Amino acid sequence: MPELPEVETTVRGLTGVLEGEVLARVEPRRADLRRAIPVDLRQRLTGARVTGLSRRAKYGLIATDRGDTMIFHLGMSGRWRVDPEDIGTHDHLVIETGSGRLLALNDPRRFGSIDLVETALVERFAPFMALGPEPLGEGFDAPYLAAALEGRVSAIKLLLLDQRIVAGLGNIYVCESLHMAGIAPTKPGGRIARKRLDLLVEAIKEVLAAAIEAGGSTLRDYARPDGQLGYFFKQWRVYGREGLECPVCAQPVLRRVDGGRSTFYCGKCQG
DNA sequence: CTTGTAACCTGTCTGC
DNA sequence: TGCAGACAGGTTACAA
């Protein structure tokens, strides 16, 4: 489930386990995920103390007192298991803290990544260089978005998934935001009226904030030792709800495919 | 520069 | 029960 709110939830959860702790054991279980895991990861992190955790877009950052920061991305299927009873096939990185807590980065599809960069150079970490502003930050507002979309003819749905325009949205929250703002997913980005852009920016911030808020209650399940997810509260208005009633107008939610990915929307509210 | 498509992987669910 | 096909929260390489 890793879009911005899920990564934020994950980072907050990991903070409780890792902050201030020594990394007593750092054990990569394979050489690569999406890309190679740094060969010196174990050597550089073992014995280091975690000084802080943070998030940038969909990346989680774990900084240490040795001047290194580990940066992870959960891809499509990644999650951290906390105090797992045993280590399985898809646990690609295992960490044990000085207090004896156990963490396992589990990612069946291996679309995620693990990098290690000098903390002082984090801003120059290649994948960060092209990222747009944080959607919850002050740099993301209607004037910015208007400028970023100017002249673009692609569907707004696809443009919002472009991390260079705004960093952290994924398929779920793009669908949800467009529904809340009443914008058709196929609308060319550059042809959205300024008033609608105001609504869109507001919707994005609102949806993400609400999801993070709910993430607090999700964390227990998300990071449960037994790895079971279960009991997911789906507060989605349209995502994954094809054929069900639009919560606003009761028309059936529609699904279409854009860029190879499902788009859920209401034909009436987002006409 | 923009745009569109395929590819990377494994697991799960549906329908025959 | 088996099996094929569709689909899944993301990113990136490449062609046009």
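What you are looking at is a predicted structure, and each value in this text was computed from that prediction instead of being measured. Reminder, nothing fancy here: chain letters follow the sequence lines and each chain counts from 1.
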Kindly say if [X] contacts the phosphate of [N], meaning a side-chain N or O under 4.0 Å from OP1 or OP2.
| X | N | value |
| --- | --- | --- |
| Gln163(A) | dG10(C) | no |
| His73(A) | dT11(C) | yes |
| Arg35(A) | dC8(B) | no |
| Arg110(A) | dT10(B) | yes |
| Lys58(A) | dG10(C) | yes |
| His90(A) | dC9(B) | no |
| Arg164(A) | dT11(C) | no |

- Side chains of Ser113(A) and Arg34(A): donor-acceptor distance under 3.5 Å anywhere?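 No - no donor-acceptor pair under 3.5 Å links their side chains.
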- Candidates dT3(B), dC9(B), dG9(C) - which lies nearest the side chain of Ile172(A):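 Nearest to the side chain of Ile172(A) among the choices is dG9(C).
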Spacing of [X] atom [atom1] relative to [N] atom [atom2], expressed in whole Å:
| X | N | atom1 | atom2 | answer |
| --- | --- | --- | --- | --- |
| Glu242(A) | dT14(B) | CD | C1' | 14 Å |
| Arg79(A) | dT10(B) | CZ | C1' | 14 Å |
| Leu131(A) | dG10(C) | CG | P | 14 Å |
| Leu149(A) | dT2(B) | CG | P | 12 Å |
| Leu161(A) | dT11(C) | CG | P | 9 Å |
| Leu160(A) | dT3(B) | CG | P | 13 Å |
| Leu4(A) | dG10(C) | CG | C1' | 14 Å |
| Trp236(A) | dA8(C) | CH2 | P | 11 Å |

[atom1] atom, [N] versus [M]: distance in rounded Å?
| N | M | atom1 | value |
| --- | --- | --- | --- |
| dG4(B) | dG9(C) | C1' | 22 Å |
| dT5(B) | dC7(C) | P | 16 Å |
| dC14(C) | dC9(B) | P | 15 Å |

- Message: If you assign each of Pro127(A) and Arg109(A) to its closest nucleotide in DNA chain C, which residue comes earlier from the 5' end?
- Response: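 Closer to the 5' end of DNA chain C: Arg109(A).
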- Residue of the set Asp65(A), Thr64(A), Leu23(A), Leu18(A) for which side-chain contact (heavy atoms from CB on, under 4.5 Å) holds with Arg49(A):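 For Arg49(A), the side-chain contact (heavy atoms from CB on, under 4.5 Å) check succeeds only for Asp65(A).
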- Task: Could you check whether Phe111(A) and the base of dT11(C) form a stacked pair, meaning centres closer than 5.5 Å and planes differing by less than 30°?
- Result: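 No, Phe111(A) does not stack on the base of dT11(C).
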- Query: Given that both distances must come in under 3.5 Å, which nucleotide forms a Watson-Crick or G-U wobble pair with dC13(B)?
  - Reply: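 Looking at the geometry, dC13(B) pairs with dG5(C).
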- Item | Identity of whatever pairs with dA15(C) - Watson-Crick or G-U, under 3.5 angstrom |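 Paired with dT3(B).
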- Message: Heavy atoms only, 4.0 Å cut-off, all strands: where does Ser262(A) land among base, sugar-phosphate and nothing?
- Response: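 Result for Ser262(A) = sugar-phosphate.
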- Task: Mind checking Arg152(A) for me? I need base, sugar-phosphate or nothing, with any heavy atom below 4.0 Å counting as a touch.
- Result: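 Here Arg152(A) touches the backbone only, sparing every base.
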- Heavy atoms only: give me the nearest Leu74(A)-Arg79(A) pair and the separation to one decimal.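 The answer is CD2-N, 3.8 Å.
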- Message: Can a donor-acceptor pair be found, under 3.5 Å and without considering hydrogens, that links the side chain of Arg66(A) to the backbone of Thr46(A)?
- Response: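 Present.
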- Message: Nearest 0.5 angstrom please: Tyr265(A) OH to Leu178(A) CG, how far?
- Response: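 Going from the OH atom of Tyr265(A) to the CG atom of Leu178(A) covers 12.0 Å.
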- Give, for atom CG of Leu53(A) and atom CZ of Phe72(A), the distance between the pair rounded to the nearest 0.5 Å.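 Atom-to-atom, Leu53(A):CG and Phe72(A):CZ are 7.5 Å apart.
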- Message: By nearest heavy atom, map Ser154(A) and Pro108(A) onto DNA chain B; which one lands nearer the 5' end?
- Response: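 Here Ser154(A) is the residue nearer the 5' end.
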